[in-house]
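Sequence lines set the chain letters: A, B, ... in the order given, protein chains first and strands last, and positions in each chain run from 1.
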Amino acid sequence: MRYWLMKSEPADVSIDDLATFPEQSVAWYGVRNYQARNFMRDQMTIGDGVLFYHSNCKIPGIAGIARVASGAYPDAKQFEQSSKYFDAKATPEQPRWFNVDVQLVKKIALIPLSELRLHPELARMRTLQQGNRLSITPLDPDEWEFITARLVHA
DNA sequence: GCCAACGTTGGC
DNA sequence: GCCAACGTTGGC
């Protein structure tokens, strides 16, 4: 069992959008970074804990708890010529990009990035490191525990 | 909308 | 295989 923080732009898929989807689940399409891809393809398993993070928006922060709901499978968007995620070098026989399904567990009161920065317990979190841009980062179990037990107010 | 930080691309 | 140029991310 691993823990992850996954960034989504709410203008694209927000926590409220996720709640309206079938099974309250979404294919985590559009990851075009190899390190983030490898996390999904090689390390995620069904049931892993996910912090659903809103990025590139007015108040960035953790917006909900979710879970990994599938193994990795090829990202359909890499084959769609009209998609901004189209990749001409990818083929169904040799897919380059993968995603997992992410399912809502519960929406929470937003924990702003500015609050996360206040807690020394979270000082080592990847997402809080200067210059970090990875959209998927692993969380230490103690970071997960601290956030879900101490900072979450449903 | 600015811009720092970082990843990727491609010429050599 | 180096590295400059370019594109993207994402907080502010």
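Summarising the geometry, the separation between CD on A:E9 and P on C:dT9 is reported as 7 Å, rounded to the nearest angstrom. A:N132 places its CG atom 19 Å from the P atom of C:dT8, with the value rounded to the nearest Å. Rounded to an integer number of Å, the gap from A:L5 CG to C:dT9 P is 16 Å.
For A:R37 and A:D75, the salt-bridge test fails: no basic side-chain N is under 4.0 Å from an acidic carboxylate O.
Contact of A:R32 with C:dT8 (side chain to base): no donor-acceptor pair of N or O atoms is detected under 3.5 Å.
For A:K7, no side-chain nitrogen or oxygen approaches OP1 or OP2 of C:dT9 to under 4.0 Å. In this structure, A:Q130 reaches the B:dA5 phosphate: one of its side-chain N or O atoms is under 4.0 Å from OP1 or OP2. Considering only side-chain N and O atoms, A:Y85 lies nowhere under 4.0 angstrom from the phosphate OP1 or OP2 of C:dT8.
Looking at A:P138 and A:R2, their side chains never come closer than 4.5 Å, going by heavy atoms from C-beta outward.
The closest side-chain donor-acceptor pair between A:D48 and A:Y3, if any, does not fall under 3.5 angstrom.
Residue A:S135 has its side chain nearest to C:dG10 when only B:dA5, C:dG11, C:dG10 are considered. Taking every side-chain heavy atom of A:L113 into account, C:dG11 is the closest of B:dA5, C:dG10, C:dG11. Across C:dC12, B:dA5, B:dT8, the shortest atom-to-atom separation from the side chain of A:R133 is found for B:dA5.
Crowding of A:R126 atom CZ: a count of heavy atoms from other residues, nucleotides or ligands under 6.0 Å exceeding 12.
The residue among A:K89 and A:Q35 whose nearest nucleotide of DNA chain B lies closer to the 5′ end is A:Q35.
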